[in-house]
Amino acid sequence: LTYALLALAPGDPVVARLGIEADPQAIAALRRAYALDQPLLLRFAAWLGHVVRGDFGRSIQTGQPVWALVTAAAGPSLALTATALAGALLLGVPLGVLAAVRPGGAVDAGISAAAVGALSLPGFWWGVLLVLGVSVRLRWLPASGFADFAAAPLAALRHVILPAMALGIGLTGSTIRVRTARAKGLPLARVVWLHALRPALAPVVALTGAELATLLGGVAVTETVFAWPGLGKLLADAIFARDYPVVQGAVLLTGTAAVAINLTADLLAAALDPRARDSA
């Protein structure tokens with residue numbers, strides 16, 4: 001479906017690379033090189049046949065191997081997604097427990113309202129807001145860019161904070177929505193552990209897996225806003241350039257990762273919740 005939609009969309013990858021004033025013979029030669037002169041179904045079948053053999057093709061725009069491009073971009077995306085997930089869990093789980101042990105009060109209402117707000121607004125809006133407020137106005141953190149974590153950890157941390165916040169705010173809102181009941185006569189710490197947090201771990205794990213898969217598929221806008229050189233930005237740039245092999249490689253890698261993450265989360269949730277395991 002992705003291959004067909006991209007191929008049917010307006011735009012020509014060869015013209016995007018060579019320019020509208022390029023020599024017609026050069027355009028025709030490049031079309032033949034990437035089988036763009038073949039019918040859509042034949043092109044897709046040829047691409048699929050190469051993928052089965054481990055050959056993901058080469059970028060139309062740069063000529064580089066697609067697999068090298070997507071794997072190089074996967075590292076920054078993984079770092080961004082992991083940071084967003086860690087921040088969302090570290091903030092969302094305690095706030096969810098706090099709301100659960102103080103039901104019906106101002107704290108519960110405030111935390112619940114914040115969770116609804118976080119869920120209701122898109123990530124790119126948070127990204128623009130964070131850039132304008134934290135970077136442009138306060139000048140606390142850089143508005144864009146990337147630094148390698150191994151080479152410059154402090155610089156990498158400064159660059160990852162804002163995009164991770166923009167990406168993780170929605171997940172924080174989802175995680176906060178932990179609901180439980182307080183058992184009468186039991187100490188508060190025991191109530192929170194036995195009756196709130198432990199039973200809530202299974203749905204939180206399942207939700208985290210689903211949200212993490214969603215994050216992987218939705219990083220394109222956030223990475224574009226913050227000029228983060230990850231898989232999402234690579235995919236967005238490839239779509240605009242009609243670079244079919246790169247788009248297909250990025251979609252295939254992202255889809256495979258989403259399936260693996262969801263499967264792992266379901267298995268962990270079943271292990272944490274005996275009822276889910278027994279029913280399965």
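Any value given below was found using the heavy atoms of this structure, including those in side chains, with hydrogens, waters and symmetry copies removed. Predicted model, so just to flag it, every value in this text is computed and none were measured.
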Polar side-chain atom of R17 near backbone of D12 as donor-acceptor pair, under 3.5 Å: no
When you group the ILVMFWY residues by side-chain heavy-atom contacts below 4.5 Å and let the links chain together, are F240 and L6 in the same group? no
Do other residues, nucleotides or ligands put more than 12 heavy atoms under 6.0 Å from the CD1 atom of I20? no
So CD of E223 and CG of L234: to nearest 0.5 Å the spacing works out to 9.0 Å
Tell me which pairs pass salt bridge (Lys or Arg N to Asp or Glu O under 4.0 Å) where either residue lies in residues 136-152, with sequence neighbours left out. none
Atom of F146, atom of P229 and distance for their closest heavy-atom approach: CB-CD, 3.3 Å
Expected output: side-chain S135 to main-chain L141 donor-acceptor under 3.5 Å: yes
Is L263 linked to L253 within one hydrophobic cluster, defined over Ile, Leu, Val, Met, Phe, Trp and Tyr using a side-chain heavy-atom separation of less than 4.5 Å? no
Contact summary for I60 and L36, nearest pair of heavy atoms: CD1-CD1, 4.2 Å
Single-linkage hydrophobic cluster L138~F226, side-chain heavy atoms < 4.5 angstrom: yes
What pair of heavy atoms forms the shortest contact from P65 to R58, and how long is it? CD-NH1, 3.5 Å
Note: L69 and Q64 closest approach over all heavy atoms is CD2-OE1, 3.6 Å
Give me the one residue out of I239, D237, L231 that meets side chain to side chain contact (heavy atoms under 4.5 Å, CB included) with L235. I239
Measure across R158 and W140 and return the closest heavy-atom pair with its distance rounded to 0.1 Å. NH1-O, 3.3 Å
For S59 and V246, work out which heavy atoms get closest and say how close. CB-CG2, 3.6 Å
Point-to-point distance, once rounded to the nearest 0.5 Å, from NE2 of H159 to CG of L154: 12.0 Å
As an exercise, state the distance from CG of L267 to CG of N262, rounded to the nearest 0.5 Å. 11.0 Å
One should read off an interatomic distance between L85 CG and L90 CG, to the nearest 0.5 angstrom, of 9.0 Å
Min side-chain heavy-atom separation L252-F56 under 4.5 Å: yes
Can you tell me if T83 uses its side chain to pair, donor with acceptor, with the backbone of A164 under 3.5 Å? no
Can you tell if the side chain of L132 reaches within under 4.5 Å of the side chain of V128, non-hydrogen atoms only? yes
Shared hydrophobic cluster for M165 and V136 (ILVMFWY, side-chain gaps under 4.5 Å): yes
Does some side-chain heavy atom of P13 sit less than 4.5 Å from a side-chain heavy atom of Q61? yes
Does the side chain of L48 come within less than 4.5 Å of Y3's, by heavy atoms? no
Can you find a pair of side-chain heavy atoms, one from L40 and one from R43, that are under 4.5 Å apart? yes
Please tell me if the side chains of T222 and W228 come closer than 4.5 Å, counting only heavy atoms from C-beta onward. no
Quick check on the hydrophobic clustering: are L157 and V131 connected, directly or via other members, by side-chain heavy-atom contacts under 4.5 Å? yes
Near L5 CG, under 6.0 Å, is it more than 12 heavy atoms from other residues, nucleotides or ligands? yes
